[in-house]
Number of protein chains: 2
Amino acid sequence: MAGKRSDIHTDGVPVLCRSCEARHRGICGALTSDELTELARHTHKARHAPGEELIGDGTDVDSFANVMRGVVKLSKGLEDGRRQIVGLQFAPDFLGRPFGSENTLTAEAASEVELCVVSKTALERMMAEKPALENRLMHQTLRELDEARDWLVTVGRKTALERVASLLHRIATYTDPAAESGGEVTFELPLTRADAADFLGLTLETVSRQLGALRRLGVIRITGTRMVTVPELRSLKALCG
Amino acid sequence: MAGKRSDIHTDGVPVLCRSCEARHRGICGALTSDELTELARHTHKARHAPGEELIGDGTDVDSFANVMRGVVKLSKGLEDGRRQIVGLQFAPDFLGRPFGSENTLTAEAASEVELCVVSKTALERMMAEKPALENRLMHQTLRELDEARDWLVTVGRKTALERVASLLHRIATYTDPAAESGGEVTFELPLTRADAADFLGLTLETVSRQLGALRRLGVIRITGTRMVTVPELRSLKALCG
DNA sequence: CGTTTATTTGACGCGGTTCAATCAGTGTGG
DNA sequence: CCACACTGATTGAACCGCGTCAAATAAACG
C-alpha cells in the first residue's frame, strides 16, 4: 500500500519503505524520497506460503516485486518432469523479467515470503525517467548472471559432496556475510532435500547422503532436519572444490 | 580505428561501423551517427587467433569489445584444473564486465575472432549520457542470463546425448535462425571435443561417443572432424530433452 | 613424410541413480 | 490421548551411465 500523506510530509519516506532493505541495498536506493512516494502509490505488500507459485513459466509479465523477506526459488522444467532450480532470490532481490513480455521461468516461495509488488507499467514509467533505477536493475542482473555462471561450474564440474558443501556455503555467507571464511554460522535450510537436489543437479537421496557425510566429517551439525550449524566456515569452504 | 573525417561528413556513419552487425543488432544500434562517430574515435579493431586469451580471470577491467566475427568462449576454472565454459559469445555480442572493476571469468577466442575494442572510460562516459546505450547493454545481459540458466538446465538435468544434441541445436539455430525446427543446416563446430566437454560438463570421450551416436541415429552427418550437417533440425530438437 | 595434436574406440570401474524399505515429524479425527 | 495417514528424510542394495585409463586412428603442420 502507498504511504499515508501525513507520514510523507513528516519525514519524506513512506512507512512501507522505512524498514525495507530494498530501500538501501535494493533497487529503490536509486530513488529520492519524493520518487519513492510516487512509486509506493503503485505498490502493495503480498505474503505467500512456502510452495506457492509467484510467477508461472510462460505467463505474461504484468508485475515485478522486491523480496522483502524469505527465499524464492527460480526454476525451469523439462517436458518430462525433470526440473532444475536456476536461482535463489533472497531479500532484497528483485523479482521478474524487465523488458520481457513473457516470463521464462517459474518462481515459487521456498519459505514464508513477503513481497513488495509493483505493476509493470508503473515501474517501467519510472525507469524511463530515472536512468539510475535502470542502472540498479542492471547491477542486480549482473549479479544474477555471475551467480548463474558460478552454479554452472558447480553443477557441471563438482562432485556431489562439493555441490552440497557449495550450497551450504552460499546460504551461510548470505546469512552472515561477516563470517566469510571464519566463525560459526547457524541457519535454517530454506530448501527441502528435493529442492536442494533440483538446485544441485542431484537426487534427493544423494543430497541426504552427502549431508550425512559432511556431518560425519564434523564440518556441519544438523539439528532436526533443517537447522544447520557450520562451526568453521573455512573448513566448509575447503570442501567446495 | 576511428572513421576518416571525409567519410563521416559524407554519410554520417564511420566506415568501420558500416558493415558491423553491432550497428544494428548490437549495442551500437542505440547511437545516432554523430554519437557513433564520437565513440568510433575511441575504438579499434583487433584480430585474435583461436586459443588466444582475450580477458583474464581476475584482471582489471580496462576495456570492452564487440565480437564482430568468430566465437568467444567464456570459462571459469577450479583451482585443481577443472574447467567449465559458462557462455559462448557470437557476433555481435558484447564482451566484458560493465560496472565491475575486476573480470570474473576468462574469455578465449574459440575460432578466428575479430573484435571492436573500446576503452572502459570512453564507453562509460557515453553510457552516462546515453541511457539508451545502457538499455541495450541491459538487454544483452538479460539474454546472457537466460542463456546461462538454460545451460544450467542442460548441464544439471540432461543426459550426455541430450547435452550434445542441445549444443548442436544451439549452434545450428545461431547459424541459420530461419531453419528453426525445419530444414537443413550445415556449420563448422567452433569448439574442439575438449571445449564441448567443458561446456557440457562431460569428458571429451563422452562427447565423441555421443556425436557418433547422433551420427548413427541419422540426425547429423559429420564431415572431417568439425563440419556438421543437420538434415532435419526438428529431429535434433526432439533429442534435446 | 615424420611429428604432433585431435579424435575415436575399447575395456573397466566408480559415483551417483534407482528402487525399496524404514524412520521421524506433524497433523487429524475418533 | 492414541491410532492413522501423510509428508519428508534416511538408509540399504543393485544397477548403470559416464568417467578413467589406454591404445589405435586420423587429421594438421612443418
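All chains are named by letter (A, B, ...) in the order of the sequence lines, taking the proteins before the strands, and each is independently numbered beginning at 1.
- Rotation axes derived from the C1' atoms of the five outermost pairs at either end of the helix from C/dC1-D/dG30 to C/dG30-D/dC1 lie 30° apart, to the nearest 10°.
- Taking atom CZ on B/Arg193 and atom P on C/dT5, their separation rounds to 18 Å, with Å as the unit.
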Point to revise | A/Val15 vs A/Arg18, side-chain contact (heavy atoms from CB on, under 4.5 Å): CA-CA, chis, key distance, verdict | key: CA-CA 5 Å; A/Val15 248; A/Arg18 279 193 217 148; 3.9 Å; yes
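- When heavy atoms are screened at a 4.0 angstrom cut-off, A/Leu202 is found touching the sugar-phosphate backbone but no base atom.
- Of the N and O atoms on the side chains of B/Glu162 and B/Gln210, not one donor lies less than 3.5 Å from an acceptor on the other residue.
- Of the candidates A/Lys76, A/Arg82, A/Arg83, A/Arg83 is the only one forming a salt bridge (Lys or Arg N to Asp or Glu O under 4.0 Å) with A/Asp198.
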Point to revise | Residue pair A/Arg234, A/Glu180: steps toward the salt bridge (Lys or Arg N to Asp or Glu O under 4.0 Å) verdict | key: CA-CA 8 Å; A/Arg234 206 184 322 272; A/Glu180 176 69 54; over 6 Å; no
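- Residues from residues 206-224 of chain B with heavy atoms under 4.0 angstrom of DNA chain C, sorted by number: B/Ser208, B/Arg209.
- Under the 3.5 Å distance criterion, the side-chain polar atoms of A/Glu188 are left unmatched by any main-chain donor or acceptor of A/Met227.
- A salt bridge links A/Glu184 with A/Arg221: the distance from a Lys NZ or Arg NE/NH1/NH2 to an Asp or Glu carboxylate oxygen falls below 4.0 Å.
- Across the protein-nucleic acid pair, A/Leu161 atom CG and C/dC14 atom P stand 18 Å apart, rounded to whole Å.
- D/dG8 atom C1' lies 14 Å from atom CD of A/Glu188, rounded to whole Å.
- If you measure from atom CG of B/Leu189 to atom C1' of D/dA27, you get 15 Å, rounded to the nearest angstrom.
- Which of C/dC19, D/dC18, D/dA9 sits closest to the side chain of A/Glu205 comes down to C/dC19.
- Contact annotation for A/Gly51: no contact, since no heavy-atom pair falls under 4.0 Å across all strands.
- Shown are B/Val228, B/Leu168, B/Thr229, B/Thr175; of these, the side chain to side chain contact (heavy atoms under 4.5 Å, CB included) with B/Val185 is made only by B/Thr175.
- Note: CG (A/Asp195) to C1' (D/dA9) measures 14 Å, nearest angstrom.
- Under the side chain to side chain contact (heavy atoms under 4.5 Å, CB included) test applied with A/Pro92, the options A/Arg25, A/His24, A/Arg23 reduce to a single match, A/Arg25.
- Counted by atom type alone, B/Thr106 and B/Asp57 present zero donor-acceptor pairs between their side chains at under 3.5 Å.
- In this structure, A/Leu191 atom CG and D/dG8 atom C1' are separated by 14 Å, rounded to whole Å.
- Atom-to-atom, CG of B/Leu204 to P of C/dA6 comes out at 10 Å; the value is rounded to the nearest Å.
- In this structure, B/Arg82 places its CZ atom 13 Å from P of C/dG15, rounding to the nearest Å.
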